[in-house]
Amino acid sequence: MTKQTLSFQAEVAQLLHLVTHSLYSNKEIFLRELISNASDACDKLRFEAINDGGLYENDSELKVKVTFDKDAKTLTITDNGIGMSAQEAIDHLGTIAKSGTKDFVSKLSGDQKADSQLIGQFGVGFYSGFIVADKITVESRRAGMKESEGVRWVSGGAGDFEVETIDRPARGTSVILHLRDDAMDYCSAWKVKSIIGKYSDHISLPILMEKEEWKDGELINPSDEKGGRQPGAMVKTGDWETVNKGNAIWARAKKDITQDQYDEFYKQISHDFEAPLAHTHNRVEGSTEYTQLLYLPAKAPMDLFNREKSAGVKLYVKRVFIMDDAEALLPSYLRFVKGVVDSADLPLNVSRELLQESRDVKAIREGCTKRVLGMLEDLAKHDKLPENTADGVTDVVSEEDKANVGKYTKFYAEFGAVLKEGLGEDFGNKERLAKLLRFASSTTDTVSVGLADYKARMKDGQEAIYYITADTLAAAKNSPQLEVFKKKGIEVLLMTDRVDEWALNYLHDFDGTPLQSVAKGAVDLGKLQDEAEKKAAEEAAEVFKPLLAKLKEALKDKAEDVRVTTRLVDSPACLVVQDHGMSTQLARMLKQAGQTAPDVKPVLEVNAEHALVKKLDGSVHFNDLAHILFDQALLAEGGLPADPASYVKRVNALLV
Ligand code: ADP
Ligand code: MG
């Protein structure tokens, strides 16, 4: 192939613009990214060589070399991994294949500060080289290909790049960064070593740098020792040294690892700037042996609700990296967890398909799930400081307890909605999950009420945990369906996450107490209602029978039934669904999402005490009033009348 110039894919050009214009805050990550690519390339070679040993070309000592040249102003990262063919260089360095990164580019706001924060989360991989280089040359040859089939790729990081075929005896890849003037401090062994120590220490391959030693300058006057010398300098010795420790942090004993080291490792694997909320680190022995180091991030990534999103756990087998995002290691509802699992039992050439079926993996998955739930329970327990004890003496509070205050609340605000998916996904842990749920309630605005707290506060004679689902907290709080509960001082949980309705389908009771939606079925306050109230309701129902029949006839296309209710105090009417029906709110949500939902015809419940309802009987506007009553009940719960224009016409006619 002779030299040709090609354009970057549009997303790449956008990304490059960002990289070169706004990524000043954390320049040094470029080295982490390039070393991680070199290490990935070696892992890929090792993997392919399992089936084709010839790919090693008699050189099976995989390694990464980092060199620099002050005069040429270059920093070079070389690996003897899988390498790239010319076509692969064009594809992999000219386009973004990963949908995650594409997504990321589409979210860029143009606000440099916000954008560079985002980049930290994602890592821009190879392109981060342009943070410090105004030109990058990549020379590579794929393992197994001929020497004459090497490739040179060159770009200034603007709109295009050049590729040509070259002779390259060495297998693998060299990434040559032509440093910008303001990045010349990366031409220092000390600086490069310290960055490698910070970000890449756990890389299990040796990362080599040429040893340097101090050499005094020449004598200014060779015949006179005392005449002084030219400035001395560090000079290369031709010997190589390994600069990374290569001991995976998870393989070390807990007591030898500081909190800072744990946090730093998390930042490396997650590309997150912020320290994690908590971690759990365990060596599990028994029929399946593995080590797990799992973290809870402090912030949710923006693609959290994409269930296809990759899981965050890396799989190693005996410290050899096997794969990123091993989704078989944790259930999907824990997809926000980041970390490492290192198995002693799995074969090195394990595939994703094999993982799904492996009994060892099943045991690892259960073990990891237990640990994560345990970590959450621990945070939940320490979310608040202990209250004063009965004799008025506050318990002694440790520094650690103090540091944990508020962490669970923080966690729950970010990931609570995802955790709820577990109710439908992980039946074995349903009870544990239920205890971890938190909600807002009619008496507490913050999302802080656990089901156990609720139970402990239940009124005498209350037999159910009441809840309502709605689109927003305001809609839930002001819903007519809550009126009688407010009047009687009964707490109702307010649920406003999209997943609540679905998740609650799987949670019929908590600790022996049923959960009851206040918007489903006839209101049954059981023992909370006194005899007089019950009697009044029965009488009202009797008196209203003819009116209800008329209403039912007028609304037969809209309402499944019309009945008198005791749940309303201030509002004339509300809508409810049958006991096991889908709520109107869920049906609406499904339709908005373009899914098919059954046409739920709700039940209209009317407040016999309300002036508007009393006025209905004998009114010449009966038909209009009936429809308005229904449509307003729909509006009150955040819905829209099926025919808004008719609604407006009817109301206006009455207003006039
Ligand atoms: P990622 O590493 O997340 O895939 P990068 O932007 O870091 O994204 O790299 C893009 C692609 O370029 C890699 O997936 C790989 O195919 C190729 N690549 C980069 N560096 C090397 C290398 N040193 N050896 C072989 N391939 C490489
Ligand atoms: Mg990469």
Side-chain angles (χ1 to χ4, degrees), residues 6 8-9 11-16 18-20 23 28-49 55 57 59 62-67 75-105 119-133 136-145 149-155 157 161 163 168 170-177 199-200 203 205 207-208 268-271 301 303 309-310 312 314 321 323-325 338:
L6 298 169
F8 283 118
Q9 181 194 28
E11 282 98 343
V12 176
Q14 238 179 308
L15 197 59
L16 281 168
L18 169 68
V19 166
T20 47
L23 238 179
E28 61 197 27
I29 60 155
F30 80 91
L31 195 56
R32 168 190 79 190
E33 295 294 328
L34 297 180
I35 288 181
S36 123
N37 283 354
S39 160
D40 288 350
C42 291
D43 287 333
K44 278 182 206 155
L45 175 60
R46 191 182 291 129
F47 191 69
E48 285 191 22
L55 292 177
E57 305 175 10
D59 169 21
L62 301 176
K63 53 184 170 288
V64 182
K65 283 184 170 176
V66 183
T67 54
L75 178 66
T76 302
I77 295 95
T78 300
D79 64 71
N80 58 351
I82 191 76
M84 282 177 274
S85 66
Q87 192 56 48
E88 284 170 333
I90 293 171
D91 292 344
H92 296 158
L93 306 180
T95 59
I96 305 176
K98 283 180 302 181
S99 62
T101 313
K102 270 198 184 153
D103 250 24
F104 160 76
V105 173
I119 255 186
Q121 280 186 27
F122 272 79
V124 286
F126 171 77
Y127 303 108
S128 60
F130 287 105
I131 304 172
V132 295
I136 299 182
T137 305
V138 178
E139 294 181 353
S140 188
R141 177 173 65 77
R142 202 180 200 287
M145 289 177 87
E149 291 177 320
V151 59
R152 178 181 293 129
W153 179 103
V154 183
S155 175
F161 58 91
V163 264
R168 184 176 157 98
R171 170 197 74 219
T173 306
S174 293
V175 177
I176 304 152
L177 304 170
Y199 293 111
S200 310
I203 299 268
L205 297 166
I207 301 173
L208 303 175
Q268 275 172 37
I269 57 167
S270 66
H271 301 276
D303 55 350
K309 177 191 141 51
S310 50
K314 292 176 195 286
F321 174 77
M323 67 178 82
D324 266 324
D325 315 332
K338 304 269 182 209

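As a basis for the values below, the full set of heavy atoms in this structure was taken, side chains included, without hydrogen atoms, waters or symmetry mates. Numbering starts at 1 and runs along the sequence shown. Counting starts at 1 for both ligands and their atoms, following the listed order.
Atom numbering of ligand 1 starts at 1 in the shown order; those under 4.0 Å from a heavy atom of L93 are 12 (O). Atom numbering of ligand 1 starts at 1 in the shown order; those under 4.0 Å from a heavy atom of H92 are 10 (C), 11 (C), 12 (O), 16 (O), 17 (C).
Residue S36 holds its OG atom at 12.5 Å from CD1 of I269, rounded to the nearest 0.5 Å.
Side-chain contact check for L177 versus I77: some heavy-atom pair is nearer than 4.5 Å. Counting heavy atoms from C-beta on, the side chains of C42 and N80 come closer than 4.5 Å. Residues K65 and L208 have side chains in contact (heavy-atom distance under 4.5 Å, counting atoms from C-beta outward).
Aromatic ring pairs are classed by plane angle as parallel below 30°, tilted from 30° to 60° and perpendicular above 60°; the pair W153 and F161 is parallel.
Neither the backbone nor the side chain of V175 has any atom closer than 4.0 Å to an atom of ligand 1 (non-hydrogen atoms only).
Taking 2.8 Å as the threshold, S36 does not count as a candidate ligand of the Mg ion (ligand 2), since none of its N, O or S atoms lies below it.
When atom types are taken as modelled, the side chain of E57 and the backbone of G144 share a donor-acceptor pair closer than 3.5 angstrom.
Looking at E33 next to ligand 1, no N or O pair under 3.5 Å apart turns up. Residue D79 has at least one N or O atom closer than 3.5 Å to an N or O atom of ligand 1.
Between the choices M84, E88, K44, the shortest heavy-atom distance to atom 15 (C) of ligand 1 belongs to K44.
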